Amino acid sequence: MSTAAAPARQLDPDSVSELRQATEHIHAEFGTSATTPALLKRIATTANGFSDGLRHHCRPVDTDEGLFVLRGLDIDDASAGPTPRSWAAAEDSGASHDITLLLLATLMGNPIAWEGQQDGRFVHNIVPSPGHETEQTGASSTVLLSPHTEDAFHPGRAHLLMLGCMRNHDDIATTAASVRKTRLSERDVRTLTRPVLPILPDDAYAEAQGYADEAPPPVPALFASEDGMTLRFDPAYTPLDQADDAYRSAYGRLGEELARVSVAVSLAPGEVLVVDNDLVVHGRVPFQARYDGTDRWLKRASVRVPGRRTRPLAEAHEHGYGQSAIEAHAR
């Protein structure tokens, strides 16, 4: 895994001031980040008035790395409060930073929330939680969080994933790997662009895991879009034992290539990692949580980009295991 620096975009002082003032005004008005129609409307109206300079910093991901780190925002560790022990205990912890992330997300597309995850909030708290140390979810800690496409099981998954850092005293790295940096044979690409296996819902979606109305649909791991190769990849929730040897071997080589080109991104407080969810799989290195209020704490927002064409048309017919996404600002 490379420790090379990820592409970065540095917010200029005027953009930082513009974003901070907008956040303060919205937070003062609503006093919470719990999303309501009124709050979402204010987010959209405010973002619509942002300057071209701030918009330029939030332009689409434009490199084969498929990600960038947005820098320039500061978070005071003391005023942030202790790291919550779980997303359920977080409530309005770091509410102003939720609003900042929503404003940035709205400049990039339409934020989405899931009815079945974190009480339908548009910004999630990603913290280590007691009893979840070995799961393949954001609440884990002692295991490698396997590189994966965010919400890979669902056709309505985000186009962009945003991870804003609140606290990271131990420099714990997020891993990221772009499919467009890999080297695969034409034979492997042909194999992996066939819909052979389903991707099952992860442990964060208990209701989806009990969905039994229809059989899980097989989906391709790779897709050649108009803009280049994209992927849909989550080995922890893909039943590889149901495939033949040739497919498992090709899938294994894809995993090896992603590991070869993977980079480690250790976020500092205030930094926001933006990942193209169609190009890049992300994960996290293992760490030992203390549960003393000083553990790693990220904020996560998911974004759909209207009109984007980077996925097979067949996805429109998938059942999504009964899960529904709420899309802000959609018309």
Side-chain angles (χ1 to χ4, degrees), residues 87 112-120 124 126 129 131-159 161 175-177 179 188 191-223 230-259 275 277-284 300 302 304 310-326:
W87 71 262
I112 63 173
W114 296 93
E115 292 179 348
Q117 192 176 29
Q118 295 208 13
D119 288 340
H124 295 169
I126 307 302
S129 300
H132 299 270
E133 288 84 354
T134 61
E135 293 179 354
Q136 282 296 308
T137 69
S140 68
S141 52
T142 60
V143 296
L144 174 73
L145 183 60
S146 298
H148 62 283
T149 301
E150 186 73 4
D151 298 319
F153 74 96
H154 202 282
R157 64 195 178 279
H159 293 110
L161 176 70
T175 63
V179 67
D188 282 346
T191 297
L192 295 172
T193 51
R194 292 188 291 112
V196 172
L197 296 173
I199 300 177
L200 304 176
D202 64 54
D203 290 340
Y205 293 89
E207 291 184 4
Q209 290 181 331
Y211 184 82
D213 289 359
E214 299 177 49
V219 300
L222 297 178
F223 175 65
T230 64
L231 85 168
R232 186 177 181 181
F233 185 79
D234 195 348
Y237 294 95
T238 299
L240 288 167
D241 58 337
Q242 297 177 13
D244 59 27
D245 289 344
Y247 188 89
R248 287 199 300 270
S249 295
Y251 195 94
R253 284 188 287 272
L254 172 59
E256 291 169 358
E257 275 295 292
L258 290 169
V275 170
N277 199 39
D278 287 331
L279 304 188
V280 173
V281 291
H282 69 284
R284 189 216 60 244
R300 179 177 67 200
S302 298
R304 284 185 187 160
T310 49
R311 295 171 182 172
L313 294 176
E315 288 195 11
H317 303 292
E318 293 179 24
H319 52 62
Y321 300 87
Q323 296 299 292
S324 298
I326 307 164

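No experiment lies behind these values; they were computed from the predicted model shown.
- When all heavy atoms of Asp188 and Ala250 are compared, the closest pair comes out as OD1-CB, 3.5 Å.
- Side-chain contact between Val219 and Pro195 is absent, with no heavy-atom pair separated by less than 4.5 Å.
- One finds the CH2 atom of Trp87 at 12.0 Å from the OG1 atom of Thr137 (value rounded to the nearest 0.5 Å).
- For the residue pair Ser140/Arg284, the side-chain donor-acceptor check at 3.5 Å is satisfied.
- Summarising the geometry of Pro198 relative to Pro239, their closest heavy-atom pair is O-CD, 3.3 Å, with the distance given to 0.1 Å.
- Scored by the side-chain hydrogen bond (donor to acceptor under 3.5 Å, both in side chains) test, Asn277 finds no partners at all (sequence neighbours excluded).
- Taking both residues in full, the closest heavy atoms of Gly138 and Ile126 are given as O-CG2, 3.5 Å, listed atom of the first, atom of the second, then distance.
- One finds a salt bridge joining Arg232 and Glu318 here, because a Lys/Arg side-chain nitrogen approaches an Asp/Glu carboxylate oxygen to under 4.0 Å.
- Checking Gln323 against Tyr205 by side-chain atom types alone, no donor-acceptor pair falls below 3.5 Å.
- Among all heavy-atom pairs drawn from Pro220 and Thr193, the shortest one is CB-O, 3.4 Å.
- Judged by distance alone, the side chain of His319 and the main-chain N or O of Ala215 form a donor-acceptor pair under 3.5 Å.
- Remark: the backbone N or O of Thr310 is paired with a side-chain donor or acceptor of Thr230 at under 3.5 angstrom.
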Inset, instruction - Determine, step by step, whether Gln209 and Asp203 satisfy the side-chain hydrogen bond (donor to acceptor under 3.5 Å, both in side chains) criterion, reporting the C-alpha distance in whole Å, the side-chain angles of both residues, the deciding distance to 0.1 Å, and the verdict. - result: CA-CA 8 Å; Gln209 290 181 331; Asp203 290 340; 3.0 Å; yes

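- The ring pair (Phe, Tyr, Trp, His ring centres under 6.0 Å) pairs that include a residue from residues 236-257 are Phe233-Tyr251, where partners are two or more places apart or lie in different chains.
- Between the side chain of Arg304 and the backbone N or O of Ile112, no donor-acceptor pair lies under 3.5 Å.
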Inset, instruction - Apply side chain to side chain contact (heavy atoms under 4.5 Å, CB included) to the pair Tyr321 and Glu207, showing each step before the final yes or no. - result: CA-CA 8 Å; Tyr321 300 87; Glu207 291 184 4; over 6 Å; no

Legend entry - Residue pair Leu200, Thr238: steps toward the side chain to side chain contact (heavy atoms under 4.5 Å, CB included) verdict: CA-CA 6 Å; Leu200 304 176; Thr238 299; over 6 Å; no

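- No donor-acceptor pair under 3.5 Å is formed between the side chain of Arg194 and the backbone N or O of Ala221.
- A distance-only check finds no donor-acceptor pair linking the side chain of Glu150 to the backbone of Ala158 [under 3.5 Å].
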Legend entry - From CA spacing to verdict: side chain to side chain contact (heavy atoms under 4.5 Å, CB included), Arg157, Arg311: CA-CA 11 Å; Arg157 64 195 178 279; Arg311 295 171 182 172; 3.6 Å; yes

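- Taking every heavy atom of both residues into account, Gly320 and Phe153 meet most closely at O-CE1, 3.9 Å.
- With Gln136 contributing its side chain and Leu144 its backbone, the two residues share a donor-acceptor pair below 3.5 Å.
- A donor-acceptor pair under 3.5 Å is formed between the side chain of His148 and the backbone N or O of Ser146.
- Under a 3.5 Å cut-off, the side chain of Gln242 and the backbone N or O of Leu240 do not form any donor-acceptor pair.
- The side-chain contact (heavy atoms from CB on, under 4.5 Å) with Asp234 is formed by just one residue from the set Asp151, Thr149, Ile199; it is Ile199.
- A perpendicular orientation is assigned to the rings of Trp114 and His154, their planes being inclined by more than 60° (bins at 30° and 60°).
- Contact of the Leu231 side chain with the Val281 side chain is registered, since non-hydrogen atoms from C-beta on lie closer than 4.5 Å.
- At distances below 3.5 Å, not a single donor-acceptor pair connects side-chain atoms of Glu115 with backbone N or O atoms of Ile326.
- For the atom pair Arg253 CZ and Leu258 CG, the distance stands at 13.5 Å (nearest 0.5 Å).
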Inset, instruction - Give the C-alpha distance, both sets of side-chain angles, the deciding distance and a yes or no for side chain to side chain contact (heavy atoms under 4.5 Å, CB included) between His282 and Leu145. - result: CA-CA 8 Å; His282 69 284; Leu145 183 60; 5.5 Å; no

